[in-house]
Amino acid sequence: MKQLIFLCLFVATLLHSGSASSKIYTNLQHHYDADLPDSMTICTTPPPGPNHGFIVLLYSKDCDALDSAERVDVFSAYNVAYEPRSTAELGDHLCAGAPIRQSREKIGSLRFLRCDPVEEGGLAISKHFALRRRPGEETDWIQMDVTLLCRADHAKACDRALHDVFRRIRLTN
Amino acid sequence: MSLAGAPAGPAPATRPPYSMPRDIEDLLGIAKDPMDNLFDPWPNDDRSPLPNQNLHNRFFDTLDSSLSNEAANLDLPRDYLQGLAAFETGYCDDHNRKIANPFGLTQAGRNNLSFPSEDAAIAYFMDQYGGQIRGATSPEDFAQRIQGMLDGKPVPGWHRYNSRNKDWIPNLVSTINSVGRHRQTWESQQGQ
């Protein structure tokens, strides 16, 4: 009996420590959230600015110095800026002439396309994007894009970080 | 570049110079042509419907007058404020209509603010950002000003509307450039 109680306490401690080490980013308007560990440095727009998403800093911790920061940008918006009618058509706008390719990343069943990486300010920029039907709405679509900005010598680690961010995002209704 | 069918042994002299494939997709020949990737059917890529004119009509029914008046007070084309509201709320969808928040403003904790009326929300927005957007001369200038910048430089004391997303300005400018077209359709239907 004592062993059983000890085991229960041990499991409860593990579960508690697991749940205490993460925070949930929520976007009610665009119907998704993300379970992000406390160890990640997350930047969001301070209120009263609009809530379009979040940024994960990969090697730095200063949200006010984003220009040269290696990071993963996760943003969403209503599909009104370019009014594309497909993810491929959205790519025509977002990729600015760079080739469009199939992304290996997805969120749930939502698959993404990506632009061929471009270099800017010493960072390779790789944009992954998708259009998503808004839950419960026939006519409203949501644009999601996840962008990796990374130095060439960190490419492998950044790819792993990008995949990790993707798997932490969950589409909600 | 596809390696399928490549001849064994040394390459003939006429073969084009070999270049390193960019990634595994090139190696497998999947991405030889960028359009090859856009295979059909794309699971989440069924065609989005045409822009929803009923939603646009409701947006202009509700906000055209008040946003046009505020724009005139700030010496701005009305497309600027209407484009911002359209972009932030998806032409004031049901969610944003319910909370009377035409500019997608948030409170601490990230939820959108709820206002007693659209007029109250517009008054709050004007109090926060009106001074710095007054007299903007182009959609790009308007977008920079609302981000707290003038001629590409931060202005001390000005608020930043969206301080993180680098694609926000081109998205806003594109919406400003298209909102007038939807308003014209609404106006033409008013006369019918």
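All heavy atoms count here, side chains included; hydrogens, waters and symmetry mates do not. Below, chain A is the first sequence line, B the second, and so on; all start at residue 1.
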(request) Against chain A, work out which of B/Arg160, B/His95, B/Glu88 has the most heavy-atom pairs shorter than 4.5 Å and name it. (result)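 Greatest number of close heavy-atom pairs with chain A: B/Glu88.
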(message) Please identify, among B/Leu105, B/Asn165, B/Asn162, B/Asn54, the residue contributing the most non-hydrogen atom pairs under 4.5 Å to chain A.
(response)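 It is B/Asn165.
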Over all heavy atoms of both residues, which pair between [X] and [Y] is shortest? Give the atoms and the distance, please.
X: B/Gln107; Y: A/Pro47; result: C-CB, 3.5 Å
X: B/Tyr161; Y: A/Thr45; result: O-CG2, 3.6 Å
X: A/Tyr78; Y: B/Phe87; result: CD1-O, 3.7 Å

Hydrophobic cluster membership, [X] vs [Y], 4.5 Å side-chain cutoff:
X: A/Met40; Y: A/Leu149; result: no
X: B/Ile133; Y: B/Trp158; result: no
X: A/Leu148; Y: A/Ile42; result: yes
X: B/Leu76; Y: B/Phe103; result: yes
X: B/Leu84; Y: B/Leu113; result: yes

Gap separating the [atom1] atom of [X] from the [atom2] atom of [Y], nearest 0.5 angstrom:
X: B/Ile99; Y: A/Leu28; atom1: CD1; atom2: CG; value: 9.0 Å
X: B/Lys166; Y: A/Glu120; atom1: NZ; atom2: CD; value: 4.5 Å
X: B/Asp93; Y: A/Gln29; atom1: CG; atom2: CD; value: 7.0 Å

Under 4.5 Å from any heavy atom of chain A, what part of [X] do you find: side chain, backbone, both or neither?
X: B/Asp167; value: side chain
X: B/Phe125; value: neither
X: B/Asn101; value: neither
X: B/His182; value: side chain

(message) Quick check: under 4.5 Å, non-hydrogen atoms only, which of residues 59-71 of chain A neighbour chain B?
(response)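 Checking residues 59-71 of chain A against chain B gives A/Cys63, A/Asp64, A/Leu66, A/Arg71.
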(message) Under the side chain to side chain contact (heavy atoms under 4.5 Å, CB included) test against A/Val80, which residue among B/Val179, B/Thr175, B/Asn52 passes?
(response)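 That would be B/Thr175.
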(message) I'd like to verify something: which residue of A/Gly91, A/Cys43, A/Ala77, A/Ala81 has the highest number of heavy-atom pairs under 4.5 Å with chain B?
(response)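 Among A/Gly91, A/Cys43, A/Ala77, A/Ala81, the one with the most close pairs to chain B is A/Ala81.
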